[in-house]
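Residues take their numbers from the sequence shown, with the count starting at 1.
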Amino acid sequence: MRTLALLLSVSCGVAAAGEQQTEDARLIESRALVATLGSELRDALTGAIKSDGPARAISVCQFEAPAIAARIGRADVRVGRTALRVRNPGNAADVDQRRILSDFERRLAAGEAPDGIEQFDQTYKGGARYMKAIVTQPMCVTCHGPTLAPEVATVIKSRYPDDEAVGFTPGSLRGAFVVEWRASEPPP
């Protein structure tokens, strides 16, 4: 009986370790996907602003960011962005994302290092979601700050009449990158 209990204990431990490795692998890959999206988006924005001015950066976020996210994602992994206050309604946060974003704001306000503000959760039937805080950088306030240049404000108003993504200052939470891993089984 003692041997059976030991075997069960060991096999349960191995199963738990296997699940942990799966989570760790997705967490590691999620971090890499977010780093790629962040880096490519930053490079595209910087290039657009230098070559064509700040109004061009709006097109980068509108068209190039989703294209980069789609290219680095795959059938079982969706990569994107969300926020509490969005410019593009298609990026609106769901209920769980809003809760996590509110927690990110609290953590940032409490002085946590921005690079460490992330969350990884396993979801229904083996899916997972990773979120990484996007902290407003000085370049971001060109299109998301409290005061916008007239030409930038005009372009934003014409493309996004219901824009909520202004009023940010450097160091504030702008939103989050999101990596969603498809569940192994569809919900019932």
Mind running salt bridge (charged side-chain N to carboxylate O under 4.0 Å, His left out) on Asp121 and Arg129 for me, showing each step along the way?
CA-CA 5 Å; Asp121 295 304; Arg129 176 172 31 213; 5.8 Å; no

same_hphob_cluster(Ile72, Leu27) at 4.5 Å side-chain heavy-atom cutoff:
yes

Minimum-distance pair of heavy atoms, taken over all atoms of Ala55 and Val152:
N-CG2, 4.1 Å

Nearest heavy atoms of Cys61 and Ala65, plus distance in Å
O-CB, 3.6 Å

At their closest point, which heavy atom of Gln97 faces which heavy atom of Ala92, and how far apart are they?
OE1-O, 4.1 Å

Linking I/L/V/M/F/W/Y whenever their side-chain heavy atoms sit closer than 4.5 Å, directly or via other members, would Val86 and Met131 fall into one cluster?
no

As a quick check of understanding, evaluate side-chain contact (heavy atoms from CB on, under 4.5 Å) for Phe177 and Ile134, giving each step before the final call.
CA-CA 7 Å; Phe177 293 112; Ile134 300 171; 3.5 Å; yes

Would you call the rings of His144 and Phe168 parallel, tilted or perpendicular, taking 30° and 60° as the class edges?
perpendicular

Asn91: partners by side chain to side chain donor-acceptor pair (under 3.5 Å), with sequence neighbours left out:
none

Heavy-atom pair of closest approach, residues Ala128 and Thr123:
N-OG1, 3.2 Å

More than 12 heavy atoms of other groups within 6.0 Å of Arg182 CZ
no

Looking at every non-hydrogen atom in both residues, tell me the closest pair between Ala57 and Leu45 and how far apart they are.
O-CD2, 3.5 Å

Arg42 side chain vs Leu37 backbone, donor-acceptor pair below 3.5 Å
no

Applying side-chain contact (heavy atoms from CB on, under 4.5 Å) to Thr136 and Leu173, what does each step give before you reach the verdict?
CA-CA 6 Å; Thr136 307; Leu173 183 72; over 6 Å; no

Looking at Ser39 and Thr36, would you say the former's side chain and the latter's main chain have a donor-acceptor pair under 3.5 Å?
no

What closest approach, in Å, do Ile117 and Arg107 show between heavy atoms, and which atom pair accounts for it?
CA-NH2, 3.6 Å

Could you check Arg81, Glu118, Arg31 and say which one makes a side-chain contact (heavy atoms from CB on, under 4.5 Å) with Lys132?
Glu118

Determine whether Arg98 and Thr82 satisfy the following criterion, side chain to side chain donor-acceptor pair (under 3.5 Å), listing intermediate values before the conclusion.
CA-CA 9 Å; Arg98 292 185 74 74; Thr82 192; over 6 Å; no

Mind checking whether Val135 and Met139 sit in one hydrophobic cluster, side chains of I, L, V, M, F, W, Y counted as touching below 4.5 Å?
no

For the backbone of Asp162 and the side chain of Glu164, can you confirm whether one donor and one acceptor N or O come within less than 3.5 Å of each other?
no

Looking at Thr142 and Pro54, would you say the former's side chain and the latter's main chain have a donor-acceptor pair under 3.5 Å?
no

Test side-chain contact (heavy atoms from CB on, under 4.5 Å) on Phe104 and Glu112; report intermediate values, then the result.
CA-CA 9 Å; Phe104 284 2; Glu112 187 171 332; over 6 Å; no

Can you check side chain to side chain donor-acceptor pair (under 3.5 Å) on Trp181 and Ser30, steps first, answer last?
CA-CA 9 Å; Trp181 295 84; Ser30 294; 2.9 Å; yes

Taking it one step at a time, do Arg159 and Val155 satisfy side-chain contact (heavy atoms from CB on, under 4.5 Å)?
CA-CA 6 Å; Arg159 294 186 189 179; Val155 172; 3.8 Å; yes

Name the residue from Arg78, Arg26, Arg74 that meets the salt bridge (charged side-chain N to carboxylate O under 4.0 Å, His left out) definition with Glu180.
Arg78

